[in-house]
Amino acid sequence: MAGLEFDASSKAYMPLLILIEQKLRADQGNRYRQELEKVVMEQRDIYEQKKIQFRSHMGASLLGKKCKRDIWYSFRWVKEPNFDGRMIRLFNRGHLEETRFIAILRQAGLDVWFKHSDGSQFAFSNCNGHYGGSLDSVVKGVPGYENIPMLGEYKTHSEKSFTKLVQLGVKSSKPEHWTQMNQYMGHYKLTHALYLAVNKNNDELYAEIVEFNEEEFKFDVTLALTISHSNRLPAKINNSPSFWLCKYCDFTDICHKKAPIKITCRTCKHVTMQEGGVWSCSVLNDLVLDKEMQYTGCGKYIKLEEL
């Protein structure tokens, strides 16, 4: 079939890709568009507005990054996100594609769930509430795995990234995606994940079945606990700002050039982490700080010595 000519060495899971292609051709996409209409308004990430751009917890999507200092910086809110228009559109496209993926799978006859009956997301929390993540979906009915519910994870790729994915598979080409899926599977007791990706240049699809790895799951949960609960900066991944990971890192100026950080409660020596994802302030009589208070800070701020 056109668009499905993957090399035999590829990890692409062809039974699902062939089924999707057959179902789309059968009615020229009518069932797909019908399913898309049902799903699009229920995907809140497409249109949700955020006053504070920082995430409250450390997300599983960060954990697979090679630089652990990068993860710590993100969790501690040391630099406020400030994306240009292209990046904002790019992020939104990722959310829009999740809707398309769900519709594609449903039109192919698979069962796909992306929220609880009360409307809440499939999500997990760990490390005293300071680490967690939200699943894209749970899928059942994948050809060859019909009775196995599995994680559904959806990603967009550039041409270069997609080519590498097809050649090497998700664990080698996108280890951060693999770690993210393994964490979701472990917290939801799922044994398999469906990784579904699209080439943004030509809409070509790639599917891969990923199996749960318990040993790496436990290691990464311990890593999340260590990073999130430490007031000490993890070591630099490299001492040179021209190193390829540092060169394109959002925190290069702070890490290598001592640039000023964003002043929030998360980098103040008076803040204390509590159970349930809570932060409190010792100079305010252990007052529990909501997200807006953490973001705003106060006049008694004293920067962590590490920074």
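All values derive from a computational prediction rather than experimental measurement.
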Is there a donor-acceptor pair under 3.5 Å between the side chain of Thr252 and the backbone N or O of Tyr248? no
Suppose we screen for side-chain contact (heavy atoms from CB on, under 4.5 Å). Which residues come up paired with Ser240, at least two apart in sequence or across chains? Asn238, Ser242
In this structure, which one of Val142, Ile209, Val139, Val210 forms a side-chain contact (heavy atoms from CB on, under 4.5 Å) with His192? Ile209
Phe217 ring center near His187 ring center (under 6.0 Å): yes
CE-OG distance between Met181 and Ser61, expressed to the nearest 0.5 angstrom: 13.0 Å
Can you confirm whether Asn213 sits close enough to Trp178 that some side-chain heavy atom of one is under 4.5 Å from a side-chain heavy atom of the other? yes
Are any side-chain N or O atoms of Tyr206 and backbone N or O atoms of Phe162, one a donor and one an acceptor, separated by less than 3.5 Å? no
Tell me, please, whether Phe75 has Arg266 positioned over its six-membered ring: NZ or CZ under 6.0 Å from the ring centre and within 45 degrees of its axis? yes
Is the shortest heavy-atom distance from the side chain of Lys218 to the side chain of Glu214 under 4.5 Å? yes
Please lay out, stage by stage, how Arg76 and Asn231 fare under the test side chain to side chain contact (heavy atoms under 4.5 Å, CB included). CA-CA 9 Å; Arg76 289 287 180 149; Asn231 282 337; 2.8 Å; yes
Determine whether His256 and Phe251 satisfy the following criterion, side chain to side chain contact (heavy atoms under 4.5 Å, CB included), listing intermediate values before the conclusion. CA-CA 8 Å; His256 290 281; Phe251 304 107; over 6 Å; no
Atom CE of Met58 and atom CG of Leu62: how far apart are they, to the nearest 0.5 Å? 7.0 Å
Sub-4.5 Å side-chain heavy-atom contact between Leu194 and Met150: yes
Determine, stepwise, if the pair Lys23 / Glu21 fulfils salt bridge (charged side-chain N to carboxylate O under 4.0 Å, His left out). CA-CA 6 Å; Lys23 293 293 186 179; Glu21 176 70 15; over 6 Å; no
Ser230 backbone acceptor or donor facing Trp72 side chain under 3.5 Å: yes
With side chain to side chain contact (heavy atoms under 4.5 Å, CB included) as the criterion, how do Met273 and His229 come out once you've worked through the C-alpha distance, each side chain's angles and the decisive distance to 0.1 Å? CA-CA 7 Å; Met273 299 177 70; His229 283 61; 4.0 Å; yes
For residues Leu225 and Tyr131, determine if any side-chain heavy atom of one lies less than 4.5 Å from a side-chain heavy atom of the other. no
So with a 6.0 Å cut-off around NZ of Lys262, is the heavy-atom count from everything else above 12? yes
Return all side-chain donor-acceptor pairs below 3.5 angstrom for residues 77-84, not counting sequence neighbours, or 'none' if the list is empty.
{"residue": "Trp77", "atom": "NE1", "partner": "Arg55", "partner atom": "O", "Å": "3.1"}
{"residue": "Lys79", "atom": "NZ", "partner": "Asp250", "partner atom": "O", "Å": "2.7"}
{"residue": "Glu80", "atom": "OE1", "partner": "Tyr295", "partner atom": "OH", "Å": "3.2"}
{"residue": "Glu80", "atom": "OE2", "partner": "Tyr295", "partner atom": "OH", "Å": "2.4"}
{"residue": "Asp84", "atom": "OD1", "partner": "Arg86", "partner atom": "N", "Å": "3.3"}
{"residue": "Asp84", "atom": "OD1", "partner": "Met87", "partner atom": "N", "Å": "2.9"}

Presence of salt bridge, Glu35 and Arg33, under 4.0 angstrom: no
Any sub-3.5 Å donor-acceptor pair from Glu208's side-chain atoms to Val170's backbone N or O? yes
With heavy-atom distances below 4.5 Å as the criterion, would you say the side chains of Tyr154 and Leu105 are in contact? yes
Inspect the contact between Glu146 and Lys140 and indicate whether a charged nitrogen and a carboxylate oxygen are less than 4.0 angstrom apart. no
Counting neighbours of NZ on Lys247 that are heavy atoms of other residues, nucleotides or ligands and sit closer than 6.0 Å, is the number greater than 12? no
So, for Cys265 and Met293, which heavy atoms are closest and what is the spacing to 0.1 Å? SG-O, 3.6 Å
How close do Ile20 and Gln107 get, heavy atom to heavy atom, and via which atoms? O-NE2, 3.6 Å
Please lay out, stage by stage, how Cys255 and Lys236 fare under the test side chain to side chain contact (heavy atoms under 4.5 Å, CB included). CA-CA 8 Å; Cys255 184; Lys236 294 180 182 179; 3.7 Å; yes
What distance separates Cys127 SG from Leu223 CG, expressed to the nearest 0.5 Å? 9.0 Å
For a quick test of reading the model, state the closest non-hydrogen atom pair linking Val138 to Pro149 and the distance between them. CG1-CB, 4.3 Å
Electrostatic pair Arg100-Asp203, nearest N-O below 4.0 angstrom: yes
Under 3.5 Å, is there a donor-acceptor pair between the side chain of Asn199 and the main chain of Glu204? no
A side-chain contact here means heavy atoms from C-beta on lying under 4.5 Å apart; do Arg93 and Lys200 qualify? yes
Okay, side chain of Ser10, backbone of Val166: is any donor-acceptor separation there less than 3.5 Å? yes
Nearest heavy atoms of Ile261 and Ile254, plus distance in Å: CG2-CG2, 3.8 Å
Identify whether the distance between the nearest side-chain nitrogen and carboxylate oxygen of Glu306 and Arg232 falls below 4.0 Å. yes
Check against side-chain hydrogen bond (donor to acceptor under 3.5 Å, both in side chains), Tyr188 and Gln183: CA-CA 9 Å; Tyr188 265 74; Gln183 285 296 299; over 6 Å; no
Would you tell me whether Gln180 and Lys174 have side-chain atoms, one donor and one acceptor, within less than 3.5 Å of each other? no
Lys11 atom NZ: more than 12 heavy-atom contacts under 6.0 Å: no
Salt bridge flag under 4.0 Å for residues Lys171 and Glu216: yes
Looking at Arg31 and Asp27, does any basic side-chain N land under 4.0 Å from a carboxylate oxygen? no
Sub-6.0 Å ring centroid separation between Tyr145 and Tyr13: yes
Closest non-hydrogen contact found for Ala60 with Tyr184 is CB-CE2, 3.9 Å
Is the closest side-chain heavy-atom distance between Glu153 and His177 below 4.5 Å? no
Is a donor on one side and an acceptor on the other found under 3.5 Å between the side chain of Lys68 and the backbone of Lys65? yes
A side-chain contact here means heavy atoms from C-beta on lying under 4.5 Å apart; do Val221 and Leu63 qualify? no
Are the side chain of Ser228 and the backbone of Ala224 linked by a donor-acceptor contact shorter than 3.5 Å? yes
Restricting to non-hydrogen atoms, name the atom on His157 and the atom on Ala197 that form the minimum distance, rounded to 0.1 Å. CD2-CB, 3.6 Å
Can you list, by chain and residue number, the hydrophobic cluster partners of Ile237 when the side-chain cut-off is 4.5 Å? Phe243, Trp244, Leu245
Give the intermediate values and the outcome of side-chain hydrogen bond (donor to acceptor under 3.5 Å, both in side chains) for residues Ser280 and Gln274. CA-CA 7 Å; Ser280 63; Gln274 307 285 2; 2.9 Å; yes
Using modelled atom types and a 3.5 Å cut-off, is there a donor and acceptor pairing between side-chain atoms of Asn128 and backbone atoms of His130? no
Distance-only polar pair, side chains of Thr267 and Tyr301, donor-acceptor under 3.5 Å: yes
Sidechain-backbone polar pair: Gln28 side chain, Arg25 backbone, donor-acceptor under 3.5 Å: yes
Is there a path of hydrophobic side-chain contacts, each under 4.5 Å between heavy atoms of I/L/V/M/F/W/Y residues, joining Val278 to Leu287? no
